[in-house]
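Have a look at the structure below before the remarks.
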Amino acid sequence: MLSVTLNEAIDLRRAGRLANASQAVCVTPALCLRLTEPLAALLHILGQYAKHYGIIPNAAPLDAENFHCSKDQRAARMSDLLSRVLLSQRSQFLHKVGTLEEIVEDAGKEFCLAAEELAEGTATDPERQWAAMDAGHFDLNTCLREACVLLKSFLLALPDSQVESFEQAVRAQTRSQSPQRSPQRSFIRDGRIPAITGQ
């Protein structure tokens, strides 16, 4: 829904229907949170579970070319460099998960702030805000695709006996996300994680 709504807002803006574009963009922060909060929760529990149980899935380094925002490209380049030079296979997975968490958090915040400023008419540089929203949306989609690949790799490495407890941990973590939280509050670093069975 976020992609559909944002595309509609961009099309309305290009057609010169600025009031309609502003109305369309005003719902995107809530839709963005509906993507970023569960995605961040999944990445968080993947990292915690892999640390706790010593699970070592395969993980290819992030590719900076898959991101549009310069800050996200820098994070991907640093992750790639560390993965190739310093990190063990297990650390590569954990570092990639952590980097994706940071990108999701930052891109989500920036998207929401830009959308709110555009919807309220307080944007000092609307061109830049529209471009930031579009790039942030692209990077969030990249993070979603990367998270799907990481989850599949993790599930292949996860012993069958732990699948059910992992599923319960993911459900508990995603249920703990508050839908009324403001986009400016960190939903990744607040340290909330359910107890993992077998601790």
- Are side-chain N/O atoms of Gln173 and His44 paired as donor and acceptor at under 3.5 Å?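 No pair is found: no donor N or O on one side chain lies under 3.5 Å from an acceptor on the other.
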(Q) Checking side-chain polar atoms at under 3.5 Å, does His137 have a donor or acceptor matched by the opposite partner on Asn141? (A) yes
Measure across [X] and [Y] and return the closest heavy-atom pair with its distance rounded to 0.1 Å.
{"X": "Cys26", "Y": "Pro29", "result": "O-CD, 3.4 Å"}
{"X": "Ala21", "Y": "Arg13", "result": "CB-N, 3.7 Å"}
{"X": "Ala24", "Y": "Thr5", "result": "O-CG2, 3.4 Å"}
{"X": "Leu2", "Y": "Thr28", "result": "CD1-O, 3.8 Å"}
{"X": "Ser22", "Y": "Leu118", "result": "OG-O, 3.6 Å"}
{"X": "Arg77", "Y": "Ala64", "result": "CG-CB, 3.6 Å"}

Decide yes or no for [X] and [Y]: does some side-chain heavy atom of the first lie under 4.5 Å from some side-chain heavy atom of the second?
{"X": "Thr36", "Y": "Glu105", "result": "no"}
{"X": "Lys71", "Y": "Glu110", "result": "yes"}
{"X": "Phe93", "Y": "Asn58", "result": "no"}
{"X": "Cys143", "Y": "Phe67", "result": "yes"}
{"X": "Ile10", "Y": "Asp134", "result": "yes"}
{"X": "Cys69", "Y": "Gln73", "result": "no"}
{"X": "Ile55", "Y": "Tyr49", "result": "yes"}
{"X": "Val27", "Y": "Leu31", "result": "yes"}

Flag yes if [X] and [Y] sit in one hydrophobic cluster, no otherwise; membership is Ile, Leu, Val, Met, Phe, Trp, Tyr, and two members link when side-chain heavy atoms are under 4.5 Å apart.
{"X": "Val149", "Y": "Phe166", "result": "no"}
{"X": "Leu144", "Y": "Phe154", "result": "yes"}
{"X": "Ile56", "Y": "Leu158", "result": "no"}
{"X": "Met1", "Y": "Leu12", "result": "no"}

Check for a donor-acceptor pair, side chain of [X] on one end and backbone N or O of [Y] on the other, with a separation under 3.5 Å.
{"X": "Lys96", "Y": "Ser79", "value": "no"}
{"X": "Thr142", "Y": "Asn66", "value": "yes"}
{"X": "Asn7", "Y": "Ser3", "value": "yes"}

In terms of relative ring orientation, are Phe138 and His68 parallel, tilted or perpendicular, with 30° and 60° separating the classes?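 Parallel.
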Output the distance between atom [atom1] ([X]) and atom [atom2] ([Y]), rounded to the nearest 0.5 Å.
{"X": "Thr99", "Y": "Glu146", "atom1": "OG1", "atom2": "CD", "result": "10.5 Å"}
{"X": "Leu46", "Y": "Lys51", "atom1": "CG", "atom2": "NZ", "result": "12.0 Å"}
{"X": "Leu151", "Y": "Leu156", "atom1": "CG", "atom2": "CG", "result": "9.5 Å"}
{"X": "Ile103", "Y": "Asp72", "atom1": "CD1", "atom2": "CG", "result": "5.0 Å"}
{"X": "Gln129", "Y": "Met133", "atom1": "CD", "atom2": "CE", "result": "9.0 Å"}
{"X": "Leu43", "Y": "Leu150", "atom1": "CG", "atom2": "CG", "result": "7.0 Å"}

Check the pair Phe111, Asp139 against side-chain contact (heavy atoms from CB on, under 4.5 Å), reporting the backbone distance first and the verdict last.
CA-CA 10 Å; Phe111 181 97; Asp139 288 357; over 6 Å; no
